[in-house]
Amino acid sequence: MSEPKPTYITAALDLTETKSAEAIDTFRDEWDFLSNFFPVPVEIEGIIYPTTEHAFQAMKTREVGERYSVRDAATPAVAKRKGKKVSLRENWHTERFAVMEQVLRAKFSAPHLRDKLLATGDRFLIEGNTWRDTTWGMVRDKTTGEWRGRNELGKLLMKLRNEIRNESNDDARVDKTTDGSDGELITLALKMREVAYAPYSRYHVGAAVRTDSGATFGGCNVENASYGLCNCAERTAIFSAVATGARVITEVVVATDDGGSPCGACRQVLAEFAPRDAPLRVVLINKAGNMVRQTTIAELLPLAFNLQP
Ligand code: THU
């Protein structure tokens with residue numbers, strides 16, 4: 001006997017965009033990355049958790065010791081059990097939705113997961129489940145085949161998917177609207193920003209340099225638990241260029257959240273490789289790829305230290 005075709009109880013959901021697409025109603029197998037049990041390090045309020053389940057359960061309490069204890073749970077299932085015993089923070093019942101959004105945002109800042117989420121297209125996302133969770137997921141009625149539940153996890157995932165899709169459309173626009181010479185460096189700097197390793201500051205920086213031969217090199221900031229070892233995006237990019245034999249950099253694009261400008265150390269390192277007879281152009285862009293400022297290294301670092309004859 002074939003199973004009854006599922007119908008979705010969707011009264012509370014905004015389905016205007018997704019109703020025609022076939023639903024993904026299990027977060028297993030090829031869709032396991034949608035589950036909160038999926039392993040991916042997420043950093044929330046200074047603690048790195050092995051899954052979003054660990055993070056979410058830990059955030060139920062404001063006691064830091066209890067958060068660490070949840071973080072150390074061997075599996076997400078154990079973290080979930082531990083989460084039932086923590087000293088609950090005030091207003092958790094209402095704040096849990098914002099916290100879930102926060103942990104999912106941390107999860108889907110990982111480029112490979114963003115891509116996988118985008119690849120679900122317009123399909124409706126439901127954590128269909130057998131553990132009777134009708135808040136975050138939906139449960140299928142055995143006799144009628146109907147799905148029931150609020151689907152709050154699915155709704156948040158679809159909301160993030162929309163945001164990511166809009167952001168990547170913005171990135172694509174950058175290339176078309178800036179003049180050709182900057183377009184390539186801007187695209188590279190934004191791409192580099194996506195792979196920035198910045199779990200401590202959460203300030204993601206991407207840089208792209210062009211050398212006098214026209215070659216381009218990218219770099220991102222690379223942080224370390226021993227903070228003094230952090231390397232800026234600009235220097236990562238410059239060192240990559242120099243390691244191929246390049247000695248002159250003609251242009252650098254730096255991508256940050258807000259169009260922030262290079263630190264003093266990077267200015268000095270850029271000055272080392274500036275052309276002797278032409279300005280080294282510095283372009284600062286924000287995360288949407290919009291140019292915030294255009295300047296030169298001579299303007300950013302007048303009287304740079306110099307040992308060259
Ligand atoms: N950072 C850069 O990558 N470039 C700069 O010019 C300024 C700072 C990084 C270093 C660190 O990972 C984070 O931003 C916060 O300081």
Side-chain angles (χ1 to χ4, degrees), residues 40-49 102 105-112 114 167 171 174 182 184-211 215-244 246-275 279-306:
V40 54
V42 284
E43 200 255 78
I44 305 287
E45 295 188 6
I47 302 178
I48 299 175
Y49 299 92
Q102 184 187 10
R105 276 185 197 286
K107 172 176 178 176
F108 287 100
S109 65
H112 69 292
R114 291 169 88 83
E167 271 175 34
D171 286 355
V174 166
D182 283 345
E184 189 189 351
L185 284 188
I186 287 174
T187 304
L188 181 56
L190 288 170
K191 211 184 215 158
M192 288 294 114
R193 187 171 173 271
E194 283 185 16
V195 291
Y197 178 70
Y200 305 103
S201 73
R202 283 176 270 173
Y203 193 72
H204 296 211
V205 188
V209 299
R210 178 178 286 111
T211 68
T216 58
F217 299 88
C220 60
N221 52 336
V222 182
E223 298 190 342
N224 193 278
S226 176
Y227 292 178
L229 302 182
C230 295
N231 202 58
C232 294
E234 296 88 327
R235 278 176 289 149
T236 307
I238 296 163
F239 295 160
S240 295
V242 172
T244 68
R247 294 293 182 262
V248 176
I249 289 168
T250 56
E251 184 171 357
V252 58
V253 173
V254 184
T256 58
D257 187 50
D258 49 359
S261 67
C263 76
C266 289
R267 293 177 194 201
Q268 179 67 33
V269 174
L270 279 164
E272 183 81 19
F273 300 107
L280 191 171
R281 190 160 176 251
V282 179
V283 177
L284 309 178
I285 63 172
N286 63 19
K287 66 178 172 196
N290 299 319
M291 198 180 292
V292 172
R293 183 188 278 265
Q294 254 196 89
T295 177
T296 64
I297 195 64
E299 188 176 68
L300 288 178
L301 188 67
L303 294 175
F305 179 70
N306 190 351

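Counting convention: from 1, in listed order, for ligands and their atoms alike. Quantities reported herein were computed from a predicted structural model and do not represent experimental measurements.
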Pairs under 3.5 Å, N/O atoms on ligand 1 and on the protein: can you put them in a table with the distances?
residue	atom	partner	partner atom	Å
ligand 1	3 (O)	Ala233	N	2.9
ligand 1	4 (N)	Glu234	OE1	2.8
ligand 1	4 (N)	Glu234	OE2	3.4
ligand 1	6 (O)	Glu234	OE1	3.4
ligand 1	6 (O)	Glu234	OE2	2.8
ligand 1	6 (O)	Cys263	N	2.9
ligand 1	12 (O)	Asn221	ND2	2.9
ligand 1	12 (O)	Glu223	OE2	2.4

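Closest non-hydrogen pair, Val253 versus Leu185, comes out as CG2-CB, 3.5 Å. Among all heavy-atom pairs drawn from Cys232 and Cys263, the shortest one is SG-SG, 3.8 Å.
By the salt bridge (charged side-chain N to carboxylate O under 4.0 Å, His left out) test, Arg202 is found to be paired with Glu43, residues two or more places apart in sequence or in another chain being considered. For Arg235, there are no salt bridge (charged side-chain N to carboxylate O under 4.0 Å, His left out) partners at least two apart in sequence or on another chain. Qualifying ring pair (Phe, Tyr, Trp, His ring centres under 6.0 Å) partners for Phe305, counting only residues two or more places apart in sequence or in other chains: none.
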Practice problem: Might you work through the salt bridge (charged side-chain N to carboxylate O under 4.0 Å, His left out) test for Glu184 and Arg210, ending with a clear yes or no? | Solution: CA-CA 10 Å; Glu184 189 189 351; Arg210 178 178 286 111; 3.8 Å; yes
